[in-house]
Every structure is written in C-alpha cells, then in structure tokens.
Amino acid sequence: MRTDVVVLGAGIVGVSVALHLQKRGRSVVLLDRRPPGQETSYGNAGLIERASIVPYPFPRDIGSVFKYGLNRSNEVRYDISFLPRIAPWLLQYWRHSSKPRLAEATRAMVPLIERCVLEHEALANEAGVAALMRRNGWIMAMRSQKSLDAAAANARALESYGLAYGILDRDALQQQEPHLSDILVGGIHWHDPATVTDPGGLTSGYADLFVRNGGRFVSGDARSLGEDPQGWRVDGEDGPILAREAVVALGPWSDAIYKPLGYAIPMAIKRGYHMHYRASGNASLNHPVLDTDAGVLIAPTSKGIRMTTGIEFAPRDAPPSPVQVERCEPYARQIFPLGERAEPEAWMGNRPCLPDMRPVIGPAPRHPGLWFAFGHNHHGLTLGPVTGRLLAEMMTGETPVADTRPFRADRF
C-alpha cells in the first residue's frame, strides 16, 4: 500500500491531521491498533475549552504545594514509588510555571485556543455530528464565598481576551442547574466553550468523514515504523504501508517512536479516571460543572452523568487504581443526586504532557519527512482540529494559522 502520508494514531489529533491533509490533496492512511477515538479521546470531560487561555501551571504557593504533597487531594494523587522517576520532570514543570514563562506559554497557546471551537464546528458540520456539540458553556462552581470572589477576580483578569462569562450567585446558579445542591454558593459560567456529549463518538464521526472522502483506516502497530528509501514504512494488518511522510500523533504513546530515533523530548503522563452514573429520580444536569473546591467535575453525556477525576502521577502502563474515583464520588454526590454506577469499572486514560505546557507540532529535526503532533496536556480534544490544520499547513507549504516556533520539537 502506497500513500503520500501515514498518520500514526487515530485519536482526535491524528484524525484531525488526516482530515486536514486530505483536504489539501494528500492521500492519507490513518493507522492505529484500535478503532478511532477509543483511547484518551474517549474518556475526557468533553470540554472544548475556549476559556482556558492560561495553561495549567505547577502551583508555586506553599499552601498548594503542601496540600498536594500530603497526597490526599482529589485534584492530584501520586504513586510514592514513582516520585523519583517523575521528580526531574516536575522540576522542569515548576520552572516553566514562573510568571514570565507562563506568560510565554500563554502567548503561544492563545492563537490555537481562540480558534478551537470554530475548527471543531467546521469539521462537526461536515461530518454530520454537530448534534454532539453544545454551545451553552460550562460552570465552575464554588463552595465558599472566598473561592467565588477569587474566581471572579481571575475571570475579570482575562477580560482583555474577549471572553464571555457570567458571575452566578447561589440563586442564579440554581436557575441554571436546579438539581445542584445549595452547598454551592455560586460560580462562573463560561459561555464561549463548547461541550461534547460523546467525545469518542465525535472523534469517530470525524474518522468516518475521512473514510467517506477516500481516506483509509488501517489497523496496525505504529512501533513498526522505519525509514525506507522512498520515505517511511510501517506494517498494517494486510501488509506494509509505504509513505513519503509520516506523522506521529500517538498521544501518550508517542515516545515509542521518538525515543528510538534519538529525540529526548520530556513528555510525562498524567493519568485520569471517569465513572458514569445514572441520575436519581428526575434530576438532570444542563452543563458540565466543576466543583472547584472539591476538585471533581460532573458532566452530562450520552452514557449518563460522567464524573472525571483530577490527575494521577503513576507509570503509564501500571494497573488502574481505585483511589481517585473513591475519593471523588462522595463529593460529587454532595453536589448532585447521583444514582447507581452505570458501569462496573472506572475508565482510565493518559494525558501526554510537556513541562512548558504546550505541544510539539512540526517536523522532526533530524528525519526528513517525519512530523510530530503530540503532548497537548489537558487540551487534546480542545486543540485536535486546530492542530490538524496547523500541521497540514506546515506540511503543504501554506501560511500557518499561528506562529509555529513555540511548538518546535528541538526547543528543549
């Protein structure tokens, strides 16, 4: 099988890259070991986060560091035996979270964040899956007036970016979400983000569009990628695939390709979990709601009320741990009438993260015809389509929609 480009990884980023290359006249094969949208792209909170202008930094105040260090927080958990391995990466993350470097990361990410909803809407409309997206935003809720006041101040600090939001007191929050508990004193309603009721289904819908338009999806092992006199070669289930160019969009498994090729890209994994619940009685949820003080998010999805946890630092391939779900569930039940669990086991996924809080998007410096698109931290779903556009523009010689220099693979 011969093609112009083989894209390794059928998550939201890889599928979006394949679609945008296809739109620019390239023949593309999309390869993965599982069907599209079945890994990290399946299990997230379903936010296309237009409001996350500032990346998520490492906390630099002593109180937060001490809280997380106790390893009792819903927001962050770590496997103590894993700390020696992750410590150097955490130190880099801490350094890049200084005010000047955080401002640098923010400037780099703003052009992508600003286009995230528009790029999704264009693909969703073309793919016929726009019904999976909602444009009613999401809500950050707080349990104390102090937290609400701090969140309101942070929201006002972002007004220069043109974001639309509303500050909700307890009554206004109850009007938006009548079945939330009055333990929540108010919240911030972010209007610009879109939300998705089935993130895996959205990715699968984009992949179906790619196939309808003549693209090929092939099951195979991306680790078989190797150089070939005509470009790159990888093994599919029905034989080898030869391509002039290859794109590594394997998310948390991208290191299986770049490390053997000699690239020292400092990617770490933040694991996360979700569990679905039935709502009790006639209770309903209209928006994703983050209980900021408790560190737990609940969202309405096609599979029920999805509760997502914070992050877990542990080996990527270690068995799942029940700790975070067990910790978060009582807090979720305090704010919303959750019924029984809708599945026997929690889902676990991996977020591929880089310490400077921005992805790698662009050419592999020492291997002509090899391209990278991974490391989107908490924003893989958010940034998939705009990443696909940016990389396709780079690969086809178009003027990129954003400055590509902050995303170079050789910046570390």
Side-chain angles (χ1 to χ4, degrees), residues 37-47 49 56 64 67-83 86 138-143 177 179-181 183-184 195-201 251-252 268-280 283-285 287-353 377-378 380-381:
Q38 296 299 302
E39 293 283 4
T40 308
S41 297
Y42 163 77
N44 55 69
L47 303 181
E49 237 307 59
Y56 301 128
S64 294
K67 179 180 73 171
Y68 298 141
L70 292 175
N71 208 17
R72 299 173 183 171
S73 168
N74 292 338
E75 299 163 274
V76 179
R77 177 186 177 271
Y78 58 87
D79 178 344
I80 193 167
S81 66
F82 186 60
L83 276 184
I86 195 67
W138 69 285
I139 295 172
M140 295 175 58
M142 291 81 190
R143 296 182 178 223
E177 294 290 351
H179 295 103
L180 285 181
S181 165
I183 196 173
L184 299 169
T195 62
V196 180
T197 58
D198 184 355
I269 303 302
K270 297 179 183 178
R271 307 202 315 177
Y273 299 82
H274 81 223
M275 174 62 76
H276 290 110
Y277 301 83
R278 298 178 177 86
S280 293
S284 61
L285 190 67
H287 310 78
V289 176
L290 172 65
D291 182 346
T292 307
D293 294 308
V296 59
L297 183 143
I298 55 175
T301 75
S302 59
K303 299 180 183 298
I305 304 298
R306 176 176 291 185
M307 181 192 75
T308 65
T309 71
I311 63 176
E312 178 184 62
F313 288 110
R316 180 190 61 198
D317 300 322
S321 165
V323 172
Q324 279 194 299
V325 169
E326 297 299 334
R327 282 180 178 175
C328 289
E329 183 176 304
Y331 290 94
R333 292 187 181 280
Q334 287 176 1
I335 65 169
F336 186 82
L338 295 177
E340 61 188 18
R341 292 183 175 184
E343 52 203 352
E345 296 181 351
W347 175 91
M348 187 196 77
N350 300 287
R351 306 177 184 97
C353 300
N377 295 278
H378 295 258
L381 177 66

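Numbering of residues begins at 1 and proceeds along the displayed sequence. When reading the values below, keep in mind they use all heavy atoms of this one structure, side chains included, and skip hydrogens, waters and symmetry mates.
Across all their heavy atoms, S73 and R327 have their closest contact at O-NH1, 3.2 Å. Across all non-hydrogen atoms, the minimal contact from G46 to P199 is CA-CG, 3.8 Å. Contact detail for T309 and R351: the closest heavy-atom pair is O-NH2, 3.7 Å.
At distances below 3.5 Å, at least one donor-acceptor pair connects side-chain atoms of S280 with backbone N or O atoms of L338. N74 contributes a side-chain N or O that, together with a main-chain N or O of A294, makes up a donor-acceptor pair within less than 3.5 Å. Although no hydrogens or angles enter the test, the distance criterion places no donor-acceptor pair under 3.5 Å between the side chain of Q38 and the main chain of G200. For the pair T292 (side chain) and A141 (backbone), a donor-acceptor distance under 3.5 Å is present.
The shortest distance between side-chain heavy atoms of L47 and L297 falls below 4.5 Å. With a 4.5 Å cut-off on side-chain heavy atoms, E49 and W138 count as touching. Looking at heavy atoms from C-beta onward, M275 lies out of side-chain contact with W347 at the 4.5 angstrom threshold. Side chains of Y273 and C328 form no contact here, defined as non-hydrogen atoms less than 4.5 Å apart. The closest side-chain heavy-atom distance from L290 to I139 is not below 4.5 Å. Residues R143 and D291 meet the side-chain proximity criterion, which asks for heavy atoms closer than 4.5 Å. Residues H378 and I311 have side chains in contact (heavy-atom distance under 4.5 Å, counting atoms from C-beta outward). Counting only heavy atoms from C-beta outward, the side chains of V289 and L285 approach each other to under 4.5 Å.
Considering CD of E75 and OH of Y56, their distance stands at 11.5 Å, rounded to 0.5 Å. Rounding to the nearest 0.5 Å gives a distance of 14.0 Å between OG of S181 and CZ of R333. Once rounded to the nearest 0.5 Å, the distance linking CZ of R77 with CD of Q324 reads 7.0 Å. Atoms OH and CG, from Y78 and N71 in turn, are 4.0 Å apart once rounded to the nearest 0.5 Å. The CG atom of N350 sits 6.5 Å away from atom CZ of R271, with the distance rounded to the nearest 0.5 Å. Separating the NE2 atom in H287 from the CG atom in L180 is a distance of 10.0 Å, to the nearest 0.5 Å.
Summarising the local packing, CD1 of I80 is surrounded by 12 or fewer heavy atoms from other residues, nucleotides or ligands at distances under 6.0 Å. Enclosure of atom OH in Y331 is not indicated, since only 12 or fewer non-hydrogen atoms of other residues, nucleotides or ligands lie within 6.0 angstrom. At most 12 non-hydrogen atoms from other residues, nucleotides or ligands lie less than 6.0 angstrom from CD of E345.
Checked against ring-ring contact (aromatic ring centres under 6.0 Å, His included), F82 has no partners two or more places apart in sequence or in another chain.
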Next on the checklist: The test is side-chain contact (heavy atoms from CB on, under 4.5 Å); show your working for K303 and T197 and say whether it passes.
Outcome noted: CA-CA 8 Å; K303 299 180 183 298; T197 58; over 6 Å; no

Checklist entry - What do the steps show when you test I298 against R306 for side-chain contact (heavy atoms from CB on, under 4.5 Å), and what is the final call? => result CA-CA 5 Å; I298 55 175; R306 176 176 291 185; over 6 Å; no

Checklist entry - Given R341 and E329, is the salt bridge (Lys or Arg N to Asp or Glu O under 4.0 Å) satisfied, shown in steps? => result CA-CA 10 Å; R341 292 183 175 184; E329 183 176 304; 2.8 Å; yes

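Between F313 and the choices I269, I86, L83, D79, the side-chain contact (heavy atoms from CB on, under 4.5 Å) rule is met once, by I86.
Using the six-membered ring where Trp is involved, H274 and Y42 have ring planes that are tilted, between 30° and 60° apart.
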